[in-house]
Chemist: 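My questions all concern the structure below.
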Amino acid sequence: PVRAHERKGMEPMDRNELFDKVAETVAETMSVDAEDLTPETTFESLSVDSLDLIELVTALEEDFDTSIDDDRLASIKSIGDAVDLLSQNL
């Protein structure tokens with residue numbers, strides 16, 4: 001898969017593209033089916049604990065070549081929250 005930072009020089013991702021990439025990363029990291037994920041899917045519903053969330057955020061940071069402040073982790077409750085946070089950092 002093309003990592004977001006490999007897209008430099010291309011048009012910025014729209015929200016749907018960003019969601020698709022986040023869902024793909026969540027699916028790979030949490031061993032779930034990306035097609036079952038929506039922006040409203042909560043990490044709690046996926047049985048993601050705090051260590052899983054840190055692993056996921058690390059994967060997202062690598063995929064999107066960005067950094068997410070640790071104090072923002074508590075605000076990430078759903079895949080939509082992750083998309084919102086990443087869209088602010090890109």
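This one's a predicted model, so the numbers in the text were calculated from it and none came from an experiment. Just the heavy atoms: all of them, side chains too, but no hydrogens, waters or symmetry mates, feed the values below.
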Chemist: Side chains of Pro39 and Ile79, heavy atoms from C-beta outward: is any pair under 4.5 Å?
Modeler: no
Chemist: Enumerate donor-acceptor pairs with a distance under 3.5 Å from any side-chain N or O in residues 42-57 to protein atoms, sequence neighbours excluded.
Modeler:
| unit_1 | atom_1 | unit_2 | atom_2 | d |
| --- | --- | --- | --- | --- |
| Thr42 | OG1 | Ser45 | N | 3.0 |
| Thr42 | OG1 | Ser45 | OG | 3.3 |
| Ser45 | OG | Thr42 | O | 2.7 |
| Asp49 | OD1 | Leu51 | N | 3.0 |
| Asp49 | OD1 | Asp52 | N | 2.8 |
| Asp52 | OD2 | Asp49 | N | 3.3 |

Chemist: If the condition is side chain to side chain donor-acceptor pair (under 3.5 Å), which residues does Thr66 pass it with, not counting sequence neighbours?
Modeler: none
Chemist: What's the separation between atom CD1 in Ile68 and atom CG in Leu60, rounded to the nearest 0.5 Å?
Modeler: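 If I round to the nearest 0.5 Å, the distance is 6.0 Å.
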Chemist: Once side chain to side chain donor-acceptor pair (under 3.5 Å) is applied, do any residues pair with Glu35, and if so which ones, sequence neighbours excluded?
Modeler: none
Chemist: Listing request: all salt bridge (charged side-chain N to carboxylate O under 4.0 Å, His left out) pairs with a residue in residues 76-90, at least two apart in sequence or in separate chains.
Modeler: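 Counting only pairs at least two positions apart or across chains, the salt bridge (charged side-chain N to carboxylate O under 4.0 Å, His left out) contacts touching residues 76-90 are Arg15-Asp84.
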Chemist: Do Ser67 and Glu61 come within less than 4.5 Å of each other through their side chains, counting heavy atoms only?
Modeler: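 Yes, side chains in contact.
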Chemist: Hey, does the side chain of Ser75 reach the backbone of Arg72 with a donor-acceptor pair shorter than 3.5 angstrom?
Modeler: yes
Chemist: Do you know the tightest heavy-atom contact between Phe19 and Leu37?
Modeler: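 The pair with the smallest heavy-atom distance is CZ-O, 3.5 Å.
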Chemist: Going by the rule side-chain contact (heavy atoms from CB on, under 4.5 Å), which residues pair with Asp36 if we only count those two or more places apart in sequence or in a different chain?
Modeler: Asp33
Chemist: Could you check whether any side-chain heavy atom of Glu17 comes within less than 4.5 Å of a side-chain heavy atom of Asp20, counting everything from C-beta outward?
Modeler: no
Chemist: Once rounded to the nearest 0.5 Å, what's the spacing between atom OG1 of Thr25 and atom NZ of Lys21?
Modeler: 4.5 Å
